[in-house]
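The structure under discussion appears below in the form of structure tokens.
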Amino acid sequence: MADPVDWQPRQMPTLLINQYARVMAKQVDERLRPLGVTASQLPVLVALKGGGRMTQKALAETTGVEQPSMAQLLARMERDGLVRREPSPTDGRSSLVSLTPAAMRKLEPGRAVLKQMDDEACAIFEPAERELLARLLLRLVESAYQ
């Protein structure tokens, strides 16, 4: 068993990132709520932002969300008028998902909220530190998908 002296969670980047991500996810939801959008919906909004259409399977793969979770997420988004489904012209068993005009109108205000949160959160850093942090985190994210 590891010596408790070796257990220093405040020096473990992965634990700190996880802790910070949970705090930020809660804050993102709170700030996006007035727009009628949640943090969990952001990957779908981003994937479809250009007006494209994708199958549920493609959205799950693109966003890294499991199929059952994506099905539930899309059902809630459809209920809330953010996405619509239409039959696929090439596959009768699947449908194509796209953003509604209401969802498209929420994209820019949502981006502004996220940008403001990023600016506020990173205000403690010098510009070079912020750039370094972004590069390091991007390396971690990219390595997780390899």
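- Annotation: the span from R105 atom CZ to L99 atom CG amounts to 11.5 Å, rounded to 0.5 Å.
- At least one donor-acceptor pair closer than 3.5 Å links the side chain of D29 to the backbone N or O of A39.
- Although no hydrogens or angles enter the test, the distance criterion places a donor-acceptor pair under 3.5 Å between the side chain of D91 and the main chain of R93.
- Between M12 and Q8, the shortest heavy-atom contact is CG-O, 3.4 Å.
- Across all their heavy atoms, A47 and T63 have their closest contact at CB-CG2, 4.4 Å.
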From CA spacing to verdict: side chain to side chain contact (heavy atoms under 4.5 Å, CB included), S95, S88: CA-CA 5 Å; S95 59; S88 169; 5.9 Å; no
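- The heavy-atom pair separating G81 from A102 by the smallest distance is O-CB, 4.0 Å.
- Considering all non-hydrogen atoms of both residues, L73 and S40 come closest at CD2-O, 3.4 Å.
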Residues R130, D118; criterion side chain to side chain contact (heavy atoms under 4.5 Å, CB included); working and verdict: CA-CA 10 Å; R130 181 177 175 160; D118 189 64; 2.3 Å; yes
Full working for side chain to side chain contact (heavy atoms under 4.5 Å, CB included) between L74 and Q56: CA-CA 8 Å; L74 290 175; Q56 177 179 306; 3.8 Å; yes
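- Taken from CG in D80 to NZ in K106, the straight-line distance is 8.0 Å, to the nearest 0.5 Å.
- Across all non-hydrogen atoms, the minimal contact from L42 to V28 is CD1-CG1, 4.2 Å.
- The distance from atom CD of E129 to atom CG of L136, rounded to the nearest 0.5 Å, is 11.5 Å.
- Counting heavy atoms from C-beta on, the side chains of M54 and T62 come closer than 4.5 Å.
- Note on M117: it does not cluster hydrophobically with V23, by side-chain heavy-atom contacts below 4.5 Å among ILVMFWY residues.
- Checked by atom type, the side-chain pair E142/Q146 shows no donor-acceptor distance below 3.5 Å.
- To the nearest 0.5 Å, atom NZ of residue K57 and atom CD of residue Q67 are 7.5 Å apart.
- Rounding to the nearest 0.5 angstrom, the gap separating the CD atom in Q41 from the CE atom in M77 is 4.5 Å.
- Look at E30 and R33 and you find no salt bridge, because none of the NZ, NE, NH1 or NH2 atoms lies under 4.0 Å from a carboxylate O.
- Between E78 and R84 there is no salt bridge, since none of the side-chain N atoms of the basic residue sits less than 4.0 Å from a carboxylate O of the acidic one.
- Of the possible donor and acceptor atoms, none in the side chain of Q116 sits under 3.5 Å from a partner among the backbone N and O of V113.
- Here R135 contributes atom CZ and L140 contributes atom CG; the two are 13.0 Å apart, rounded to the nearest 0.5 Å.
- Of all the heavy atoms in S98 and R53, the pair that sits closest is CB-CG, 3.7 Å.
- Using a 4.0 Å cut-off between charged side-chain N and carboxylate O, R31 and E120 make a salt bridge.
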